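These notes concern the structure reproduced below.
Numbering starts at 1 and runs along the sequence shown. In this text, all values refer to a predicted model and were calculated from it rather than measured experimentally. Remember, it's 1-based here, ligands and their atoms both numbered in the order they're listed.
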Amino acid sequence: MDSNGHPPKATCQKVLILILFQLGLSAIFFSYTRISVKPDLGNPVPVMLHPPKHLENSLPLDKQSSKLTILLWTWPFGTPFLIKKCSQLLGIPDCYITADRSQYQKADAIIVHHRDVCSSPKRLPQEPRPLLQRWIWFNMESPTTSPNLGLMDNHFNLTMSYRRDSDIFTPYGWMEALSQPQNITIPHKSKLVAWVVSSWKPGTHRVKYYEELKKYLQVDIYGQHHLPLPQGKHLSTLSQYKFYLAFENSIHEDYITEKVWKNAFHAGAVPVVLGPPRKNYELYMPPDSFIHVNDFPSARELAKFLHELDRNTTRYQSYFHWRSWLKPFGEFSWAIHFCKACWALQKKPIQYQTVPELSKWFK
Ligand SMILES: *[C@@H]1O[C@H](CO)[C@@H](O)[C@H](O)[C@H]1NC(C)=O
Ligand SMILES: *[C@@H]1O[C@H](CO)[C@@H](O)[C@H](O)[C@H]1NC(C)=O
Ligand SMILES: *[C@@H]1O[C@H](CO)[C@@H](O)[C@H](O)[C@H]1NC(C)=O
């Protein structure tokens with residue numbers, strides 16, 4: 001970064017382009033696209049675009065495949081939700097997605113949500129596995145908050161998580177390209193920095209960083225034991241702020257959650273991120289869409305930079321330029337995740353595949 005705390009803009013691009021090519025995930029399902037910003041809008045930037053709303057009509061389905069049955073072994077965190085049709089959500093052929101365990105023998109695949117089974121191996125299906133049935137390990141939590149991963153070794157055929165090297169990639173959010181450039185509207189700003197914290201754990205990295213930051217900067221904290229944030233007022237409250245502290249609860253590659261996508265981008269606040277390195281974020285979003293705490297030698301320097309941006313409207317607005325050509329999608333939806341699984345199963349030929357040491361991979 002330069003002395004003003006600007007992130008490096010051009011340095012990582014070659015690496016990123018390489019990584020994007022190497023991902024090879026397009027073969028698995030949605031294709032990744034690299035797109036370039038128009039020269040007048042800034043430096044060209046590779047961004048992972050994901051997934052197109054309307055996929056090609058002509059899907060390379062093997063046969064006139066009959067509807068696949070996908071059994072949700074549990075509702076995630078035990079909470080039922082409305083299963084929407086994948087044809088409506090993603091424009092793909094429908095799967096029969098159900099949480100009715102009597103369908104076990106008929107199911108082409110079962111999705112097992114880690115948190116709901118990790119307390120004991122007995123919580124996994126105990127009946128013999130039908131031939132060719134695929135078990136999908138599903139987890140959106142970080143390794144730090146995913147206990148007993150070792151119990152999952154040698155049971156599963158496919159992985160499904162926010163990690164981009166999962167068989168079924170289910171990130172918390174993504175950028176969608178606009179068909180033509182849009183005028184940017186920035187919500188009216190009357191406040192500086194907000195943070196919503198649901199679980200306040202003293203001594204954690206993010207709380208320590210905040211304790212330091214607050215010496216130099218007023219941060220309004222919402223959540224339990226803090227300012228109230230009523231359900232329907234989420235976006236209208238956060239959008240009054242220029243910045244949002246998108247501090248992840250633990251730091252792991254690709255673990256970039258709704259804190260950035262929903263609380264910051266969707267609300268129209270600039271995210272100040274604490275999480276994996278800047279390079280990792282830049283696979284998901286343009287470099288000038290966020291501020292990374294690692295760009296600064298100390299919390300004090302970050303505070304100084306945010307005050308500078310607060311005083312200089314032109315400079316602050318530069319964090320919105322990307323919005324003329326990209327739209328963030330960050331509404332959390334179990335239904336979309338499961339439809340991605342449906343799509344992946346339709347595309348992926350059945351072949352022997354097993355995940356031997358899940359606990360070694362997911363960390
Ligand atoms: C964007 O702003 C320009 C100038 O104010 C206006 O002419 C144009 O119609 C706007 N475009 C859209 C898509 O709103
Ligand atoms: C505000 O920022 C812009 C762009 O970084 C810069 O050109 C300009 O000189 C700054 N204005 C002031 C008053 O510092
Ligand atoms: C799925 O994994 C299990 C456990 O390793 C294995 O027994 C089974 O043959 C695999 N099935 C497929 C279709 O790969």
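- Residue contact check: Arg315 has heavy atoms under 4.0 Å from atoms 2 (O), 5 (O) of ligand 2.
- Closest to atom 9 (O) of ligand 3 among all protein heavy atoms lies Tyr352 CE1, 3.1 Å.
- Among all heavy-atom pairs drawn from Pro76 and Phe81, the shortest one is CD-CE2, 3.8 Å.
- In summary, Lys208 and Glu212 do not engage in a salt bridge, as defined by a charged side-chain N under 4.0 Å from a carboxylate O.
- In summary, the side chains of Tyr284 and Asp254 do present a donor paired with an acceptor at a separation below 3.5 Å, with no hydrogens or angles considered.
- With respect to atom 3 (C) of ligand 3, the closest heavy atom belonging to the protein is Arg129 NH1, 3.4 Å.
- Distance from atom 4 (C) of ligand 3 to its nearest protein heavy atom, with residue and atom name: Asn154 O, 3.5 Å.
- One side chain, Asn157 or Arg129, offers a donor N or O that lies under 3.5 Å from an acceptor on the other.
- No side-chain donor-acceptor contact under 3.5 Å links Asp288 and Tyr319.
- Where the criterion is an N or O separation shorter than 3.5 Å, residue side chain and backbone included, Thr314 fails it with respect to ligand 2.
- The distance between the ring centers of Tyr316 and Phe243 falls below 6.0 angstrom.
- The residue among Asn183, Ile184, Thr185 with a heavy atom at the shortest distance from atom 1 (C) of ligand 1 is Asn183.
- Judged by the 6.0 Å and 45° rule, Lys259 forms no cation-pi pair with Phe247.
- Inside a 4.0 Å radius of atom 7 (O) of ligand 3 there is not any protein heavy atom.
- Looking at ligand 1, you won't find any N or O of Gln182 less than 3.5 Å from one of its N or O atoms.
- Ring geometry for His226 versus Trp200: interplanar angle of 30 to 60°, hence tilted.
- Looking only at protein heavy atoms, the nearest one to atom 2 (O) of ligand 3 is Asn157 ND2, 2.3 Å.
- Given atom 14 (O) of ligand 3, the protein heavy atom at minimum distance is Gln353 N, 2.9 Å.
- Among all non-hydrogen protein atoms, the one lying nearest atom 5 (O) of ligand 3 is Thr354 OG1, 2.8 Å.
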